[in-house]
Amino acid sequence: MVEAAGGEGRRVALVTGASRGIGADTARMLAAIGDHVVVNYREKAKRAHAVAEAIVHSGGSASLLGADVSDEASVDRMAEQIAKQFGRLDVLVLNASGGLEIDAEPGYAMRINRDAQVRIVERMLPLMGAGSRIVFVTSHQAHFHGRKPVPAAYEPIAASKRAGEDALRAMAPALADRGVTLTVVSGDMIDGTIIVRLLERRNPGAVAARRGHGSLPTVEEFARAIVDATVIDAATGHTVYVGGSDYLAAPRA
Ligand SMILES: NC(=O)c1ccc[n+]([C@@H]2O[C@H](COP(=O)([O-])OP(=O)(O)OC[C@H]3O[C@@H](n4cnc5c(N)ncnc54)[C@H](OP(=O)(O)O)[C@@H]3O)[C@@H](O)[C@H]2O)c1
């Protein structure tokens with residue numbers, strides 16, 4: 001296991017799906033502001049190891065925690081390991097997401113994007129004290145689901161991520177009881193990501209149409225907003241928007 005310094009004196013931050021993309025950049029940036037980052041991954045142990053190693057190499061603190069968040073027993077084990085190793089969790093970034101995988105079975109999108117998110121929060125909440133932060137990472141296409149058209153290939157993901165966001169928002173009273181704040185960070189299509197490359201292949205018109213509204217945010221810009229959401233002074237349920245000015249012109253509910 002890659003590790004340095006442990007959680008003492010630092011916030012302990014778990015980033016789900018941090019082996020690549022937005023999660024990996026978020027992990028690096030949280031470590032850069034002094035957090036101990038727990039890098040979660042599903043199967044790409046080597047990549048996750050490289051993310052944690054780079055953090056430690058640049059003087060930060062990180063450890064690895066492999067767990068398939070769509071699997072209830074794995075989530076339970078993840079909570080047990082964090083309890084055992086740190087005794088607490090200060091920041092939970094709900095970044096891991098799925099459903100676009102070519103071999104995803106029907107129902108998987110709802111399982112990972114809604115059910116797993118709720119289970120992670122239920123399992124982590126007992127470890128989270130007053131002032132702890134939860135950030136749910138989503139896309140404009142999911143956040144505005146039902147009010148804006150969605151590329152056909154992304155429809156099940158958008159519906160399930162919106163359902164996940166609604167389910168997490170419904171947990172606000174339980175979070176408030178513990179003094180834990182939920183912030184939602186919603187992004188437009190993020191340039192250079194695998195998801196956008198997949199969409200480009202399956203619905204080329206949809207990505208071109210987004211680009212027609214202006215340049216897409218970068219992974220770094222989106223990750224920066226996620227990290228900021230772990231420190232900003234905001235009421236629970238606050239939504240941070242990244243990119244997509246045409247979405248934001250629509251009525252927000
Ligand atoms: N890409 C975009 O344009 C965009 C736009 C707006 C919002 N977002 C949101 O940003 C977040 C990250 O997106 P991304 O594009 O960076 O995703 P990505 O490149 O597909 O990365 C997915 C990450 O999640 C992990 N993961 C997947 N299934 C998992 C599971 N069952 N359990 C644990 N980890 C799992 C992967 O781990 P392994 O590599 O080990 O499989 C990987 O680290 C998502 O919530 C997404 O909805 C993305």
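Heavy atoms only: backbone and side chains are in, while hydrogens, waters and symmetry mates are out. Ligands are counted one by one from 1 in listed order, and the atoms in each one are counted from 1 as well. By convention here, the first residue in the shown sequence is residue 1.
Protein heavy atom in closest approach to atom 26 (N) of ligand 1: Ala96 CB, 4.1 Å. Shortest contact from atom 43 (O) of ligand 1 to any protein heavy atom: Ser19 OG, 2.7 Å. Nearest protein heavy-atom neighbour of atom 32 (N) of ligand 1: Val69 N, 2.9 Å. For atom 18 (P) of ligand 1, the closest non-hydrogen atom of the protein is Arg20 NE, 3.3 Å. In terms of protein heavy atoms, atom 7 (C) of ligand 1 is closest to Thr138 O, 3.2 Å. Protein heavy atom nearest atom 31 (N) of ligand 1, with residue, atom name and distance: Asp68 OD1, 2.8 Å. From the protein, the heavy atom lying nearest to atom 12 (C) of ligand 1 is Asn95 OD1, 3.0 Å. In this structure, the protein non-hydrogen atom closest to atom 8 (N) of ligand 1 is Phe222 CE2, 3.9 Å.
Ser139 and Lys161 share no side-chain donor-acceptor pair at under 3.5 Å. Side-chain N/O atoms of Thr239 and Arg169 include a donor and acceptor closer than 3.5 Å. Side chains of Ser63 and His36: a donor on one and an acceptor on the other come within 3.5 Å. Side-chain atoms of Thr218 and Asp191 include no donor-acceptor pair closer than 3.5 Å. A donor atom on one side chain and an acceptor atom on the other are not found under 3.5 Å apart for Tyr247 and His143.
Neither the backbone nor the side chain of Phe136 comes within 4.0 Å of ligand 1, counting heavy atoms alone. With a 4.0 Å heavy-atom cut-off, ligand 1 is reached by no atom of His140. The parts of Ile190 lying near ligand 1 are both backbone and side chain, judged by heavy-atom distances below 4.0 Å. Residue-level proximity to ligand 1 for Ile157 is absent, since no heavy atom of it falls below 4.0 angstrom. In Ala116, neither the side chain nor the backbone holds a heavy atom less than 4.0 Å from any atom of ligand 1.
Distances from atom 33 (C) of ligand 1 to the heavy atoms of Ala104, Gly17, Ala67 show the closest one on Ala67. Summarising the contacts of atom 28 (N) of ligand 1 with Arg210, Arg42, Lys161, the nearest heavy atom is found in Arg42. Here atom 5 (C) of ligand 1 lies nearest to Asp188 when heavy atoms of Asp188, Asp191, Val137 are compared. Nearest to atom 16 (O) of ligand 1 by heavy atom, out of Val15, Ile195, Ile22, is Ile22.
Both Val185 and Ile190 are assigned to one and the same hydrophobic cluster, defined by single-linkage of ILVMFWY side chains at heavy-atom distances under 4.5 Å.
For Gly187, no nitrogen or oxygen atom sits less than 3.5 Å from a nitrogen or oxygen atom of ligand 1, counting backbone and side chain alike.
Residues Val51 and Tyr41 are not in side-chain contact: their nearest non-hydrogen atoms beyond the backbone lie 4.5 Å or more apart.
Other residues, nucleotides and ligands contribute only 12 or fewer heavy atoms inside 6.0 Å of the NE2 atom of His57. Within 6.0 Å of the CD atom in Glu155, the count of heavy atoms belonging to other residues, nucleotides or ligands exceeds 12.
For the pair Asn113 (side chain) and Ser97 (backbone), a donor-acceptor distance under 3.5 Å is absent. In this structure, the side chain of Arg10 engages the main chain of Gly34 through a donor-acceptor pair within 3.5 Å. Between the side chain of His145 and the backbone N or O of Val150 there is no donor-acceptor pair closer than 3.5 Å.
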| task | Let me see the working for Arg20 and Ile194 under side chain to side chain contact (heavy atoms under 4.5 Å, CB included), right down to the final yes or no. | result | CA-CA 10 Å; Arg20 72 176 191 205; Ile194 290 171; 3.5 Å; yes
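Shown in contact with Gly21 at under 4.0 Å from a heavy atom are these atoms of ligand 1, numbered in order with element: 16 (O). Atoms of ligand 1 lying under 4.0 Å from any heavy atom of Thr193, numbered from 1 in the order shown and given with element: 1 (N), 2 (C), 3 (O), 15 (O).
The closest approach between Ala18 and ligand 1 falls below 4.0 Å for a heavy atom of the residue.
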